[in-house]
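Encoded as structure tokens, the structure appears first; notes follow it.
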Amino acid sequence: MKQLVRLFLAIVIVSALLLWGISSLNASQGYSGDNTLTVYNWGDYIDPELISQFEEETGISVIYETFDSNEAMMTKIQQGGTSYDVAVPSEYTIDKMREEGLLIPLDHNQIPNLKNIDSRFMDLPFDPGNQYSVPYFWGTVGIVYNPSMIDNRKLTSWNDLWNPAFENEILLIDGAREVMGMGLNSLGYSLNDTNVDHLRAAKEKLDELTPNVKAIVGDEIKMLMANEEAAIGLVWSGDASDIMYENENLDYVVPSEGSNLWFDSMVIPKTAKNVEGAHKFINFMLDPEVSAQNTEWVSYSTPNKAALPLMPEDMTSDERFYPSEELTKKLEVYENLGQSNLAFYNELFLEFKMHRK
Ligand code: N2P
């Protein structure tokens, strides 16, 4: 009997040790939730040094993943396979995620640095009272171009791009709303148009641009444009700013027919396991010095008013990347058009991409 008791005790001790071993292994591999934070952001959208700084300051280790479209990001969060603690969607997607119950309300008491954000970027229609989101970067969509590659022509409008002289000279970012938006704006339609005939007409207009389109690409558009692989690019403003830093020959214009004004913000998805850490991360990113350093690295426009004086003046005074409120009022912000309309935008964009092949 004594032997049986000993055997039983031995089994209990060995199992306890095994369990302890497994759980500490999980923690060190970043699966514990408490001491790790999983951040899901656009590609090229943070200074990696700041991730290390956050880890050192808080003792939280960051698992960092990137996406290249709002649609891909949202699908991943809906699937729920990964416990993302912080994500950075754009405005229309924030509205959609909120509607679908995919976001956790923020506790503003844990984000004192929220006071650093310019009031112009707070309380916007896609998230009244910033209940779910905190501004990260903002900007426009436009044309970056290299005048020396197109006989010193000046581009001012979307319709300029259909010129046969630009055969195989245009690169497009791989964004359904951006590319469809170019088609819509070129016809004088709204970026939030849901009229099926208008959307089909925009897609047909895009098909006519096909001979001029060299490629539809992701973040590599910056390297390709800077290396003069193409003369013209449809880009987000921050990419243009980065390209122009690398190659001073280029210029950026927001087309005269109109364009998009966008806002990317930090949110805490329902998948979060470390809600406290997520608030810490959001607050950290809003620190003036952190935000200034991040903005210089990323090259996009910061909504952080307290960061602006800490940045090079030639960056913050450039009206192409910090357009006045008067100018931005003329631009359109993407709206959440609802599941079926958004699916139709994606479908037409996909058809346009297929048409090229
Ligand atoms: C960064 C992409 C920014 C997306 N690479 C603009 N919404």
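We number each residue from 1, following the sequence as shown. First listed ligand is number 1; within each ligand, the first listed atom is number 1.
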Report task. Among all protein heavy atoms, pick the one closest to atom 5 (N) of ligand 1 and tell me residue, atom and distance. Result ->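 The protein heavy atom lying closest is Gly43 O, 2.7 Å.
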*Which residue holds the protein heavy atom closest to atom 6 (C) of ligand 1, what is that atom called, and what is the gap in Å?*
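Scanning the protein heavy atoms, the shortest distance from atom 6 (C) of ligand 1 goes to Asp264 OD2, 3.3 Å.
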Legend entry - Under 4.0 Å to a heavy atom of Asp219 - the qualifying atoms of ligand 1, by number: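 Under 4.0 Å from Asp219, ligand 1 has these atoms: 5 (N).
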- Hey, mind stepping through Asp251 and Lys154 against salt bridge (Lys or Arg N to Asp or Glu O under 4.0 Å) and telling me if it holds? CA-CA 9 Å; Asp251 199 1; Lys154 205 172 152 65; 5.1 Å; no
Checklist entry - Between Arg120 and Trp138, is NZ or CZ placed under 6.0 angstrom from the six-membered ring centre and within 45° of the ring axis? => result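 Yes, cation above the ring, under 6.0 Å and within 45°.
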Honestly, is Lys205 close enough over Trp162, meaning NZ or CZ under 6.0 Å from the six-membered ring centre and within 45° of the axis?
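Verdict for Trp162: a cation-pi partner in Lys205.
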Item to complete: Could you tell me the separation between the CZ atom of Phe349 and the CD atom of Glu178, rounded to the nearest 0.5 Å?
Response: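 The distance works out to 8.5 Å.
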* Asked: Does Tyr300 approach ligand 1 within less than 4.0 angstrom via side chain, backbone, both or neither, non-hydrogen atoms only?
  ->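 Under 4.0 Å from ligand 1, Tyr300 contributes side-chain atoms alone.
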